[in-house]
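Reading through the structure tokens given below for one structure.
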Amino acid sequence: MSADCSVNSNISPEITEVQNAGLCDVQTRPCLKFRVLVDPATPVTRSDRLSCRVTKAQIDISTGTYTILPATTGHAVAEFVSFSEVTCHLPRDPIIPPVTITGTAGTPAQGFLLSISNDGVKFGKNESFVTLFDSACVDCKPFGQCTKKRGTCLINGYCYEDGDRNPANWCFEMCDTSFSESSWKPLNPTPDCSKCSGQPCSCNKNGWRCDCGSGFERDNMTGGCHDINECLSNPCSGYDTCLNSNGSYQCQWRECPPGYNKIGSGCYVISSSTANHQQAIDRCKNLGGVLPTIERKSEYKALVTALDKKKEYHISVNDMETEGTFRYGNVTSSGSVFTEWLPGHPLTGSQGDSADCVVINGPNAFMYTNVRCDYVAFYICHVPAQRRQ
Ligand SMILES: [Ca+2]
Ligand SMILES: [Ca+2]
């Protein structure tokens, strides 16, 4: 062996002191590392092979003693701090505060024996003892002398303070030390679903939570349920009216579009303003309709009962295309056109040449009167009524 610094690898560092007398409360820090001081006579070497050896010890809090578990010995990461100081990493903390509790039993206190090696083979003779514990229900002194604190619960190996709820069964079980320090006191809560708008609620770790069903959505501010207004997304077809309701909606069947009235077998708007023939066509188009096509006398009779006998109304009949041949404005093929002409109408000759439109003439018993197309009158708009499927 040459006289270089590798000589030190043959020395096994002896621990003289452990951080905080070997005690670590998981309530104050994670307890994943311990600093240990080493006798300067057996110095630590900065080397890849520097390692800590860790052996688990089981602590019995009923007697305040520990039992070494030899089969658990293993090497752990060691960090070189100085020739007389090392940080040893411990196995992942076995003492988990009961936040992420599972069915697995915990332990409120856990011991470890530590020793150090410069070469990963030869370890110091003095093994040091460290104790990890949860001060929520355990008090510990060095060397695993742990006792349970009175007035706390230790259930399935986890600590709880008086009044704590079971995180896995929040609404129904509680640590009540006047009932038991080692088991849950069953609670008999009344579910509080008052803000859920009639929807059910269930328990989670924050208490009662609304289970908003279909047709409802959760209010992020209050946690309550409120009705979804489905009508805002226009779910109904045709002229149907959407009626929102609590948790649902309905489409109410309607024969005529909004603004139109059912008269006879059609849907009509009777104007309250006047226009010439083309303006009347345009205004009806804006209302989704057309000037009316009246095919049967029964329809004509029904319609005129809704009209004012002091007014005249544009309808679609005209002879713009062929003088003397009257057609519906929105029908190109000629066919039988129902007419109820005022005597002397339709106009003929030069009068007929300039009079190509027709109004229903209220003062003259609602008979068809041939007028110029720029004649200003009231008008009627029409859409077919919707047939129930
Ligand atoms: Ca609704
Ligand atoms: Ca004409």
Side-chain angles (χ1 to χ4, degrees), residues 193-201 209-254 258 274-282 284 290-295 300 312-362 364 366-380:
C193 307
S194 55
K195 63 189 175 186
C196 304
S197 296
Q199 296 292 290
C201 59
R209 177 186 157 95
C210 297
D211 296 327
C212 304
S214 68
F216 290 89
E217 61 191 359
R218 187 184 309 285
D219 185 317
N220 288 333
M221 298 292 287
T222 66
C225 303
H226 63 72
D227 173 55
I228 296 168
N229 185 354
E230 293 87 351
C231 293
L232 296 177
S233 57
N234 301 317
C236 300
S237 61
Y239 307 149
D240 288 4
T241 304
C242 184
L243 299 175
N244 184 42
S245 61
N246 202 34
S248 185
Y249 71 99
Q250 281 183 308
C251 294
Q252 192 177 59
W253 188 81
R254 205 165 66 167
T274 56
N276 66 33
H277 186 87
Q278 185 58 48
Q279 289 166 339
I281 289 172
D282 295 341
C284 285
V290 294
L291 291 177
T293 293
I294 303 164
E295 295 179 353
Y300 165 81
E312 297 161 305
Y313 300 89
H314 283 288
I315 57 174
S316 74
V317 179
N318 69 83
D319 70 336
M320 291 181 202
E321 197 173 299
T322 307
E323 176 58 28
T325 301
F326 286 86
R327 292 179 174 178
Y328 299 123
N330 53 338
V331 176
T332 50
S333 63
S334 62
S336 65
V337 176
F338 166 78
T339 54
E340 187 79 351
W341 289 114
L342 183 69
H345 286 253
L347 300 171
T348 54
S350 60
Q351 277 187 308
D353 285 341
S354 58
D356 291 345
C357 288
V358 173
V359 294
I360 291 180
N361 189 337
N364 281 296
F366 300 109
M367 287 185 284
Y368 283 22
T369 303
N370 198 189
V371 296
R372 290 166 59 99
C373 291
D374 59 5
Y375 186 75
V376 172
F378 293 89
Y379 53 93
I380 301 164

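Both ligands and their constituent atoms are indexed starting at 1 by order of listing.
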Original post:
Taking C-beta and beyond as the side chain, do D211 and Q199 meet within less than 4.5 Å on heavy atoms?
Top reply: no
Subject >> Heteroatom test (N, O or S) for G352 near the Ca ion (ligand 2), limit 3.0 Å >> reply: yes
Original post:
For the atom pair OH (Y313) and OG1 (T369), what is the distance rounded to the nearest 0.5 Å?
Top reply: 13.5 Å
**OP:** Examine all N, O or S atoms of S245, backbone included, and report whether one is under 3.0 Å from the Ca ion (ligand 1).
**Re:** yes
**OP:** Examine all N, O or S atoms of G247, backbone included, and report whether one is under 3.0 Å from the Ca ion (ligand 1).
**Re:** no
**OP:** Verify the distance test for S248 against the Ca ion (ligand 1): any N/O/S atom under 3.0 Å, yes or no.
**Re:** yes
Subject >> D227: its N/O/S atom lying closest to the Ca ion (ligand 1) (atom name) >> reply: OD1
**OP:** Can you measure from OH (Y375) to CG (D356) and round to the nearest 0.5 angstrom?
**Re:** 16.0 Å
**OP:** If the plane angle is over 60° it's perpendicular, under 30° parallel, otherwise tilted; pick one for Y300 and F338.
**Re:** tilted
Subject >> D319 N/O/S atom closer than 3.0 Å to the Ca ion (ligand 2) >> reply: yes
**OP:** Output yes if A355 passes the N/O/S-under-3.0 Å test against the Ca ion (ligand 2); output no otherwise.
**Re:** yes
Original post:
In E230, which N, O or S atom comes closest to the Ca ion (ligand 1)?
Top reply: OE1
Subject >> Flag, side chain of Y328 to backbone of I294, donor-acceptor distance under 3.5 Å >> reply: yes
Original post:
Do any of the N/O/S atoms of Y249, backbone or side chain, fall under 3.0 Å from the Ca ion (ligand 1)?
Top reply: no
Original post:
Which pair of heavy atoms, one from M320 and one from C357, lies closest together, and at what distance?
Top reply: CE-SG, 3.6 Å
Original post:
Should the SG-SG distance of C201 and C210 be recorded as below 2.5 Å?
Top reply: no
**OP:** Could you check which N/O/S atom of D356 is closest to the Ca ion (ligand 2)?
**Re:** OD1
